[in-house]
Amino acid sequence: MGVLTAKRTFDKSYFIAWVIAILLFLAVTLVAYQIRQTQINTLNQILKGQSDRTRSQIIYNAQELTSDLASMVNRWLVNEGTQEINWRSDARNFIERTPGVNEIWWIDQNLKVRWSETLLPLHHVDIQNIISQPGMTEKLALARQDNLPEFSHVVNTDDGYNIIFILMPIVYDNDFDGFFAIEIYIDDFIERILDDPLNTGFYTKAYAGEKVVYTNGPELTKDSYLEYFELNLDADTDGWVFKVYPTENLAATILSPLPYVVFAGGFLIVVMLLLTLLSRHKAKQKSLQLGVEIKHREKIQQKLSYLANHDALTHLPNRHFITEYIEKYLADSEKAATPFSLLFIDLDHFKDVNDTLGHAMGDRLLMKLPELFAQIFRKQDIIARMGGDEFIVLLPGKMAEESIITLVGRFMKQLKYPVDIEGHQIRLTGSVGVAMYPRDGTTVNELLSNADAALYRAKDKGRNTYAIYDSVIEHKAQARLKLVNQLHEAQEQQRFEMFYQPRYDCQGNMVGAEALMRWLQQDGDYQKPKTFIELLEDTGLIVSVSWQLFSQSLQNFKILMNNHKNIILSFNVSAKLLEHPEFLNRLQYIVDEQQFPYDRLELELTEQTLIQDVENSQFILNQLTAWGINVAIDDFGTGYSSLSYLKNFPVHALKIDKSFIRDMNEDEDDLELVKTMIIMGQNLNITTVAEGVETQAQLRKLMAMGCDQYQGFLFSHPISFTELQANINQLSNSPLMNLDGSDGLN
Ligand code: C2E
Ligand code: CA
Ligand code: CA
């Protein structure tokens with residue numbers, strides 16, 4: 001048997017699943033990317049707003065500051081004369097209300113610092129020095145010319161603060177009183193303008209050139225979320241740059257890991273989907289494989305059940321099938337309502353085909369039968385081979401006896417057409433037994449055994465015919481069954497006995513006697529073998545009965561041999577006994593056990609028995625002859641008159657069948673035959689024995705033809721051993737023989 005493989009075809013759904021998974025993965029990635037983009041956009045938008053707000057706040061506050069300074073200049077001009085006291089209080093007020101301002105100076109038109117006012121001198125700044133630094137003179141001149149405030153560059157204090165100065169010109173009409181200078185702490189100033197980053201969500205960082213002048217956040221880690229704007233404090237200063245960026249909290253809130261979660265989740269789903277598909281695919285493959293395996297097993301199962309239910313030779317349903325079929329049919333109450341008929345068919349003399357042409361030819365002939373059956377029987381009819389040359393045909397449905405008879409007739413006619421087997425034209429005949437359901441039985445056993453009984457009856461009528469089961473047959477079958485039981489019983493109770501019929505030579509001397517079986521009945525009568533010998537053979541009982549009687553007759557003969565040393569015991573050997581593998585051993589064992597002389601024993605075998613298995617017969621006969629046991633051919637002339645085998649078998653005597661002796665007087669042919677047999681015996685140096693000699697006339701003719709020995713009612717019927725023993729002296733010399741064949745002793 002080949003290796004099992006499930007065909008791996010291209011799995012379309014599997015491919016589609018992969019595509020879907022990949023598309024799903026792409027979709028998830030896209031969605032995650034979109035979310036991220038939206039997050040960034042949102043953040044950037046908020047950032048832009050914050051940046052604008054910061055810018056306007058700073059500008060607004062710077063303008064406030066300068067306009068406040070302008071008001072201070074106005075007050076200076078109005079209050080001219082009481083300048084110092086008024087100015088100082090004004091200056092202090094200014095410092096107090098302006099965050100980040102620490103000190104205010106008045107610098108006169110010659111750029112000399114005249115007054116200064118501070119609330120809490122944190123540190124000293126040398127303003128004189130500052131205004132004299134390069135570029136400052138120009139700034140001051142510009143301020144005076146434009147009448148606008150000017151801003152100094154950023155200055156670092158000793159303790160690390162960043163400060164700037166605003167220089168405000170004091171100008172009215174054509175008069176010029178110098179400048180007010182105010183010192184501003186950038187940190188303080190901006191910090192008060194801007195809200196707490198915790199509230200806004202943004203940090204701010206200010207650069208003046210390279211220099212960081214303000215920061216309320218940690219060092220920037222990323223440039224990506226950053227908004228900046230430039231701010232010029234006045235027309236000629238370098239611009240400051242303000243950078244606005246989100247606090248960690250805000251960034252974390254807006255830039256939540258949602259897209260990553262979406263991506264990871266999607267990815268996981270895709271992976272799981274794929275895994276599921278994969279395992280399902282595998283399971284499918286497996287189940288496919290399993291399916292193939294199951295199919296394979298089913299096939300074997302089917303084959304086995306086919307073998308169990310069919311005959312290997314003809315492929316017809318077998319005995320097992322048909323009996324089971326009928327059983328099921330009868331068990332099914334619905335079906336069981338419909339009648340059917342059974343034909344039990346047995347081919348006549350099929351054995352002869354096997355014997356003459358060989359088993360192979362016999363098989364070939366059997367193989368042709370289904371074809372032949374098919375020509376006669378209908379499709380719905382079931383034809384089964386019961387074994388050997390026996391067949392059953394089940395005809396479903398109600399059929400009249402006449403229709404069955406017609407059908408059987410057609411079948412038997414069909415059988416007779418010669419069948420060609422390798423050039424041999426073989427003609428068959430058959431016997432058929434018919435039983436009908438429910439008339440002739442309601443169980444398988446009943447129906448089959450009744451069909452068989454009918455068949456038996458058909459054969460009994462002389463074969464090539466049919467019989468329909470009826471009560472007569474039933475009666476016969478039952479009687480047969482009863483007889484079988486009785487035979488068993490008789491064997492157990494040793495009710496079989498031997499009678500003896502003497503045999504004479506032509507001088508009238510008793511040369512021996514043939515042992516003939518009798519069955520002792522309850523009433524003391526003896527029954528002859530005609531009624532039961534066939535059944536003994538059919539049941540195989542013949543074997544044990546024969547050995548028992550053989551032993552018995554040896555014992556009887558030993559007693560006779562005390563006075564009649566030379567008499568020979570003739571014993572009939574059935575085919576069943578001869579073909580038994582233990583035949584020779586058993587024979588030898590019993591003869592030796594009785595210490596019986598081998599040469600005083602003769603075994604009678606019919607022609608039929610001898611040719612059943614020629615090789616075996618030859619072997620056995622050779623052994624018997626080697627031991628000195630005589631072999632006689634019984635019923636000679638009735639069997640296969642092919643006399644050639646006589647040369648092959650070592651034979652001592654021919655017992656010419658009594659039918660020839662009986663008819664000899666009327667039938668010239670029979671007389672001729674007997675003559676021929678006697679001459680043949682003489683030629684082959686074989687003793688000829690005439691059986692069933694009843695009359696003087698027969699005896700005379702036989703003696704005239706030179707027959708060697710005689711047996712028959714004329715001399716003695718078969719008699720019991722007791723009788724034989726009592727009369728042995730009278731019997732041992734027959735007075736009938738002293739005729740010299742001439743005297744008319746009728
Ligand atoms: P068989 O071997 O041919 O035996 C001779 C039969 O002819 C005997 O019948 C005998 O009674 C009968 N017979 C003898 N003389 C005459 C006569 O003058 N006229 C007529 N009409 N018949 C005569 P039996 O005893 O009834 O036996 C019948 C057959 O049964 C035997 O035929 C033999 O084939 C078989 N048989 C008998 N005893 C045994 C046995 O122990 N073993 C076996 N295997 N077969 C036996
Ligand atoms: Ca005999
Ligand atoms: Ca005989």
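Values reported hereafter were calculated over all heavy atoms of this structure, with side chains retained and with hydrogens, waters and symmetry mates removed. Ligands are counted one by one from 1 in listed order, and the atoms in each one are counted from 1 as well. Quick caveat: nothing in here was measured; it's all calculated off a predicted structure.
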>> Once you measure the plane-to-plane angle for Phe496 and Phe532, does it fall in the parallel (<30°), tilted (30-60°) or perpendicular (>60°) bin?
In response: tilted
> Centre of Tyr456's six-membered ring, under 6.0 Å away, within 45 degrees of the axis: is that where NZ or CZ of Arg480 sits?
Replying inline: yes
> Does Glu514 have a non-hydrogen atom less than 4.0 Å from ligand 1?
Replying inline: yes
> Tell me, which N, O or S atom in Glu604 is closest to the Ca ion (ligand 2)?
Replying inline: OE1
> Which of the numbered atoms in ligand 1 are below 4.0 angstrom from a heavy atom of Gln501?
Replying inline: 14 (C), 15 (N)
> Any N/O of Asp634 closer than 3.5 Å to an N/O of ligand 1?
Replying inline: yes
>> Any N/O/S atom from Asp634 (main chain or side chain) under 3.0 Å of the Ca ion (ligand 2)?
In response: yes
>> Under 4.0 Å between a side-chain nitrogen and a carboxylate oxygen: does that hold for Lys655 and Asp635?
In response: no
>> Quick check against the 3.5 Å criterion: does Asn509 have a side-chain atom that pairs as donor or acceptor with the backbone of Val511?
In response: no
> Which bit of Leu577 gets closer than 4.0 Å to ligand 1, counting heavy atoms only: side chain, backbone, both or neither?
Replying inline: neither
>> With heavy-atom distances below 4.0 Å as the criterion, list the atoms of ligand 1 near Asp635.
In response: 3 (O)
>> Going by salt bridge (Lys or Arg N to Asp or Glu O under 4.0 Å), name the residues that satisfy it together with Glu401, two or more places apart in sequence or in a different chain.
In response: Arg439
> How far does CZ of Arg457 sit from OH of Tyr469, to the nearest 0.5 angstrom?
Replying inline: 12.5 Å
>> Within ligand 1, which atoms have a heavy atom of Val693 less than 4.0 Å away?
In response: 18 (O)
> Using 4.0 Å as the upper bound for N to carboxylate O, is an ion pair formed by Glu422 and Arg364?
Replying inline: yes
>> Below a 4.0 angstrom heavy-atom separation, can you tell me which part of Lys655, side chain or backbone, both or neither, approaches ligand 1?
In response: neither
>> Once rounded to the nearest 0.5 Å, what's the spacing between atom OG1 of Thr429 and atom NE2 of His349?
In response: 6.0 Å
>> Strictly below 4.0 Å, N to O, side chains only: are Glu602 and Arg503 in salt-bridge contact?
In response: yes
>> Applying a heavy-atom cut-off of 4.0 Å, say which part of Arg662 lies close to ligand 1: side chain, backbone, both or neither.
In response: neither
> If hydrogens are left out, which of Leu549, Val545, Asn572, Ile661 has an atom nearest to atom 43 (C) of ligand 1, that is, the closest non-hydrogen atom?
Replying inline: Asn572
>> Using a 4.0 Å cut-off to any heavy atom of Met498, which atoms of ligand 1 qualify?
In response: 41 (O)
> Any N/O/S atom, backbone or side chain, of Glu514 lying under 3.0 Å from the Ca ion (ligand 2)?
Replying inline: yes
>> Below 4.0 Å, non-hydrogen atoms only: which portion of Lys658 touches ligand 1? Side chain, backbone, both or neither.
In response: side chain
> Any idea which part of Ile533 is under 4.0 Å from ligand 1, heavy-atom wise: side chain, backbone, both or neither?
Replying inline: side chain
> Of all the atoms in Asn572, is at least one N, O or S atom closer to the Ca ion (ligand 2) than 3.0 Å?
Replying inline: yes
>> If we check ring-ring contact (aromatic ring centres under 6.0 Å, His included) with Phe411, which of these qualifies: Tyr466, Phe373, Phe391?
In response: Phe373
>> Can you name the atoms of ligand 1, numbered from 1 with element, that are less than 4.0 Å from a heavy atom of Glu694?
In response: 17 (C), 18 (O), 19 (N), 20 (C), 21 (N)
>> My understanding is that only residues two or more places apart in sequence, or in another chain, count here; which of them pass salt bridge (Lys or Arg N to Asp or Glu O under 4.0 Å) with Glu446?
In response: none
> Does the N or O separation between Met517 and ligand 1 drop below 3.5 Å for any pair?
Replying inline: yes
> At under 4.0 Å between heavy atoms, which part of Pro718 makes contact with ligand 1: side chain, backbone, both or neither?
Replying inline: side chain
> What is the ring orientation for Phe550 with Trp547, classed by angle as parallel under 30°, tilted 30 to 60°, or perpendicular over 60°?
Replying inline: perpendicular
